[in-house]
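Taking it in order: structure first as structure tokens, then the write-up.
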Amino acid sequence: MPTPSKKLGLLPPYLFTEIDRKVSEARAKGVDIISLGIGDPDLPTPQPIVDALIAGVQDPDTHNYPSNQGNIELMTAAENWMQTRFGVSVEAKKGEILSLIGSKEGLAHMILAYVEAGDVVLCPSPGYPVYNNYTLLVGGEPYTLPLLAENGFLPDLDAIPEDIAKRTKLLFLNYPNNPTGAVCTEAFIKKAIAFCKQYDIVLCHDNAYSEMTYDGYQAPSFLAVEGAKDVCVEFFSLSKMYNMTGWRIGFAAGNADLIRPLATVKNNTDSGVFKAIQRAGAAGLNQSAQLTAGLNEIYGSRRTLFVNGLRELGWNLAMPEATFYLWLPVPTGFTSVEFVTFLLEKCGVVVPPGTGYGSQGEGFFRVALTVPEAKLTEVLERMKTAGVRFDMKTAAVAG
Ligand SMILES: *Cc1c(COP(=O)(O)O)cnc(C)c1O
């Protein structure tokens, strides 16, 4: 048999294999497993978007190949949304917007468009695995930027060695952040822009959670900050905004010259997003505020319930202002994998270990608030019954 590319061997092992096996085993034994594992909304896509898709499918004009850049409906909706939501002016006709088959596709192809052997990509850890892993797949060098709790999960750009910065093509940032739920300040964005200008780096901002925010917090677009348009491409995803993960739609916005290489890779790889889905996405963007308000009320209330429950179990936590994730330190004496195994075996609860998001995730686990409140209450009760406390010790559990 021909051997696949050696680069595949560079990818970190898939941490969920062992957990998936244990989940199947437990389910086979009739254990009622509650999964807070994947970041995939449990709620349906809002009806106006579904209706727009149905109407779109009925129109034969949607049945052929879309244009490379994207439908006029999606481009216009994206322009208007960027303007009303963030005060950012981007123009499709100048090449400042590009449709994506979900932002994951765009992030990966951005790396393919820019990175060769010897090039460095700055990848936060913990972080969305695509940045690191696709860099390895194209033969580039990921350089880890640790996101530490004591720095509010913002990377220390001043700590990047000069020789690394000089070889860097792309800096990936993601605020509101998966997996930590952290948000960033305007001062930090300014710093990132200045850093990217100094070293001629593309600032790739993954803004997948811009609309999933609570308590009046509004996440910014990096493009709204002065000078960003010189260095920044921002990646937006409709997946988490409107519960559309399965639909595969997003867009890139920002500097046209920086987006063009991504468009070239895509022209030689894919043929765009089904036009009816683009029209449906446009319908979402055109009434975004109404759609997200209702969803955020649900996710926000789940967050309040679960954080309060965890506080009773000894976790000293702030209420996160964004995303549907909680990034939690594991109790004393456990590794990440040990604690998620404990939760699975003793509570029937599935969560990913922090190490699934990079080496800096050791000592943490992630909770995705993707089940109704009754189930979250059940999870808290199971944890209490199993004696879970933040200050518990492994030895106490074993005994
Ligand atoms: C979910 C997610 C994405 C990908 O979203 P798609 O548009 O569905 O590909 C990108 N970045 C982060 C951080 C995510 O959590």
Side-chain angles (χ1 to χ4, degrees), residues 16 36-43 45 49 70 74 78 81 97-112 121-135 142 145 147 153-155 170-184 203-213 219 221-222 233-253 262 266 269-270 272-274 277-278 280-282 284-285 288 292 295 299 320 322-327 351-352 354 356-358 360-361 366-370:
F16 297 90
L36 307 177
I38 8 172
D40 193 355
D42 56 312
L43 301 164
T45 306
I49 297 176
L74 180 70
W81 180 73
I97 306 180
L98 177 66
S99 71
L100 301 173
I101 312 172
S103 62
K104 185 179 191 177
E105 177 267 307
L107 295 164
H109 283 146
M110 190 71 182
I111 296 168
L112 183 56
V121 176
L122 301 175
C123 301
S125 172
Y128 191 57
V130 174
Y131 323 137
N132 182 83
N133 294 357
Y134 216 83
T135 298
L145 302 181
L147 302 189
F153 297 109
L154 300 174
L170 308 175
L171 163 62
F172 281 98
L173 293 172
N174 162 226
Y175 294 96
N177 184 257
N178 175 10
T180 65
V183 300
C184 75
L203 173 50
C204 300
H205 184 230
D206 179 356
N207 212 344
Y209 295 93
S210 65
E211 303 314 291
M212 207 184 263
T213 59
S221 161
F222 277 28
V233 177
E234 200 157 35
F235 294 81
F236 291 93
S237 164
L238 277 61
S239 289
K240 317 296 188 341
M241 282 164 79
Y242 315 127
N243 302 330
M244 292 179 76
T245 48
W247 297 53
R248 314 310 306 136
I249 180 164
F251 63 91
L262 170 60
K266 284 175 61 54
T269 307
D270 62 64
V273 179
F274 179 28
I277 291 181
Q278 294 195 50
L285 288 168
S288 192
T292 55
L295 297 176
Y299 292 126
T323 78
F324 54 7
Y325 302 116
L326 301 175
W327 182 247
V351 293
Y357 304 91
Q360 298 291 321
R366 193 189 76 175
V367 164
L369 299 166
T370 53

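In listed order, ligands and their atoms are each counted from 1.
The nearest protein atom to atom 5 (O) of ligand 1, hydrogens excluded, is given as S103 OG, 3.4 Å; this is a heavy-atom distance. Here the heavy atom of the protein found nearest to atom 12 (C) of ligand 1 is D206 OD2, 3.4 Å. At the shortest separation from atom 15 (O) of ligand 1 among protein heavy atoms lies Y209 OH, 2.6 Å.
Annotation: Y131 places no N or O atom under 3.5 Å from an N or O atom of ligand 1; distance criterion only. Residue-to-ligand polar distances place K240 within reach of ligand 1: an N/O pair is separated by less than 3.5 Å.
Across A252 and L100, no two heavy atoms sit closer than the pair N-CD1, 3.6 Å.
Under the side chain to side chain donor-acceptor pair (under 3.5 Å) criterion, K240 pairs with Y209, not counting sequence neighbours. F236 meets the ring pair (Phe, Tyr, Trp, His ring centres under 6.0 Å) test with W81, F86, F251; sequence neighbours excluded.
For the residue pair N132/T135, the side-chain donor-acceptor check at 3.5 Å is not satisfied. No side-chain donor-acceptor contact under 3.5 Å links E211 and S288.
Nearest-heavy-atom check against atom 7 (O) of ligand 1 across S237, G106, G39, P179 picks out S237.
The part of S239 lying near ligand 1 is the side chain, judged by heavy-atom distances below 4.0 Å.
The 12-atom threshold is not exceeded at CD1 of I38, counting heavy atoms of other residues, nucleotides or ligands nearer than 6.0 Å.
Residue contacts with ligand 1: F235 is excluded, as none of its non-hydrogen atoms falls under 4.0 Å. A heavy-atom separation below 4.0 Å is found between R248 and ligand 1.
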